[in-house]
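Accompanying notes for the structure given below.
FYI, side chains are in, hydrogens and waters are out, and symmetry mates aren't considered; it's all heavy atoms of this structure.
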Amino acid sequence: MPPSDTTKSGRLRVAVIGLGGIGGVAAGALAHAGRHDVIACGRRPLKRMTVDLPDESVEVPLTVVTDPGQVSPVDWVLLTTKAQDTGSAGDWLRALCGPQTTVAVMQNGIDHADRIAPYAGEAAALPVIVYYNGERIADDHVRMRHISEADVALPETDAARAFAELLAGTPIQPILAADFTARLWQKLLINIVVNPMTALTRQRQGVLQRQDIQVLTTALLEEAVAVAQAEGAGLPPTAAADTQRLVLTFPHDAGSSMYFDALAGRRLEAGALTGAVVRAGAKHGIPTPMNNTMLTLLSGLSDGIA
Ligand SMILES: NC(=O)c1ccc[n+]([C@@H]2O[C@H](COP(=O)([O-])OP(=O)(O)OC[C@H]3O[C@@H](n4cnc5c(N)ncnc54)[C@H](OP(=O)(O)O)[C@@H]3O)[C@@H](O)[C@H]2O)c1
């Protein structure tokens, strides 16, 4: 296939779906770097975004479109809605994806490619593990914090190398990880403990210190690690205990994404997190009764308030 005009000029067309903590930072940082043509796809029109990056605060002009009928296929789509909103973003994906498009799925969970398959046609899917903290301060104001040595982890693929190149000039630091599947599961283990416990109890992370909650989280983690091993994640035998120890070091006054969604009466990301453990367990014939119970309670909470 001959190179497109954008490929020849080096400028690529990038669309960011969702302008919350993660998408607002990604769109703002890419627009500020100025190397590519960035549009943002949101539910409210905006003309500018203030982005508090780790080293500077910048105000960048940002074209936000609100109608999928106004866009056409691009080189890169960054999908940054919560996983449960992927379906509602389906019209954006259909309009933005062509055979040359790669969709960087910047969401939690492990089923990134399956999640977009019904909407993305021939576009390729790139799963992205997001480590940076993105916080929406207002519709037109987001803040980025580095949390670990890398801000996003990617599998060792050509698409991932191209995505890392796309991010050049932004503070979003990528890492290509040979142990990508292990990292997906390590993040999922944290998420199936911290998110459900804080959302269901309506308590911040200090609640994880309770002895009775620790009994529960150990059981959730042991089930999930058995499933992860069956999935070939290559986790160490100590993974459940390691995760338990790690979450106990988290700040007691920190909330979680699901905690804030529950307080706000929004739908919860339970299907992509706890649900992923339950589905993978069923596939391998590994019982996950504790995670299944959590999923039932979270689904009731999420659907009951939707
Ligand atoms: N925030 C973090 O620090 C962090 C860290 C690691 C991983 N993650 C993961 O990253 C993903 C994104 O999280 P987030 O914190 O950025 O979520 P968020 O702040 O809730 O932002 C999601 C954005 O998606 C938008 N959206 C939802 N449905 C849409 C649709 N149909 N069309 C257009 N926009 C739509 C929302 O719009 P409205 O404003 O209209 O609701 C919102 O702006 C999640 O999977 C999360 O678990 C987040």
Side-chain angles (χ1 to χ4, degrees), residues 1-20 22-31 33-43 62-130 152-170 172 174-178 180-181 184 272 276:
M1 192 191 302
S4 66
D5 287 349
T6 51
T7 308
K8 276 188 283 184
S9 71
R11 285 186 83 79
L12 297 172
R13 293 159 303 171
V14 184
V16 180
I17 305 176
L19 275 185
I22 296 307
V25 166
L30 281 164
R35 296 175 60 237
H36 303 295
D37 299 322
V38 181
I39 57 165
C41 306
R43 297 199 269 211
L62 188 64
T63 309
V64 179
V65 285
T66 56
D67 175 5
Q70 293 175 344
V71 298
S72 54
V74 295
D75 300 300
W76 282 94
V77 175
L78 277 53
L79 177 64
T80 74
T81 65
K82 293 263 172 63
Q84 69 273 21
D85 292 323
T86 304
S88 78
D91 284 346
W92 285 115
L93 288 166
R94 284 189 199 93
L96 291 164
C97 288
Q100 82 291 356
T101 308
T102 304
V103 183
V105 186
M106 300 178 73
Q107 296 175 332
N108 274 334
I110 56 172
D111 303 318
H112 301 75
D114 291 346
R115 222 175 278 155
I116 64 159
Y119 318 105
E122 293 177 62
L126 174 66
V128 179
I129 304 174
V130 180
V152 292
L154 310 168
E156 286 186 316
T157 61
D158 288 345
R161 277 180 269 280
F163 188 59
E165 170 57 25
L166 189 83
L167 295 174
T170 77
I172 303 174
I175 181 174
L176 268 65
F180 185 74
T181 305
L184 274 178

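- Note: D67 CG to R43 CZ = 14.5 Å, rounded to the nearest 0.5 Å.
- Across all their heavy atoms, V16 and G23 have their closest contact at CG1-O, 3.7 Å.
- Annotation: the span from T86 atom OG1 to Q107 atom CD amounts to 4.0 Å, rounded to 0.5 Å.
- Counting heavy atoms from C-beta outward, V65 and C41 have side chains that approach closer than 4.5 Å.
- Using a cut-off of 4.0 Å between Lys/Arg side-chain N and Asp/Glu carboxylate O, D75 and R13 are scored as salt-bridged.
- For the atom pair CD1 (I17) and OG1 (T80), the distance works out to 8.0 Å, reported to the nearest 0.5 Å.
- In this structure, the separation between NE2 on H112 and CE on M106 is 10.0 Å, given to the nearest 0.5 Å.
- Considering every non-hydrogen atom in both A159 and W76, the closest pair reads O-CH2, 3.5 Å.
- A 6.0 Å sphere centred on CD of Q70 holds more than 12 heavy atoms belonging to other residues, nucleotides or ligands.
- To the nearest 0.5 Å, the span separating CG on D111 from CD1 on I116 amounts to 12.0 Å.
- Here the shortest heavy-atom pairing between A26 and L78 reads CB-CD2, 4.0 Å.
- Residues F163 and L154 meet the side-chain proximity criterion, which asks for heavy atoms closer than 4.5 Å.
- A83 and A272 make their closest contact through CB-CB, 3.5 Å (heavy atoms, listed as atom of the first residue, atom of the second, distance).
- L126 CG to L79 CG: the interatomic distance, rounded to the nearest 0.5 Å, is 12.0 Å.
- Smallest separation of non-hydrogen atoms from G34 and R11: O-NH1, 2.9 Å.
- Residue C97 is tested with T102, V103, V74 for a side chain to side chain contact (heavy atoms under 4.5 Å, CB included); the sole match is V103.
- Residues forming a side-chain contact (heavy atoms from CB on, under 4.5 Å) with T170 (at least two apart in sequence, or on another chain): A29, L30, A33, L167, I172.
- Residues V64 and G42 approach most closely at CG1-N, 4.0 Å, considering heavy atoms.
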Enumerate donor-acceptor pairs with a distance under 3.5 Å from any side-chain N or O in residues 88-96 to protein atoms, sequence neighbours excluded.
{"residue": "S88", "atom": "OG", "partner": "D85", "partner atom": "O", "Å": "2.9"}
{"residue": "D91", "atom": "OD1", "partner": "R94", "partner atom": "NH1", "Å": "2.8"}

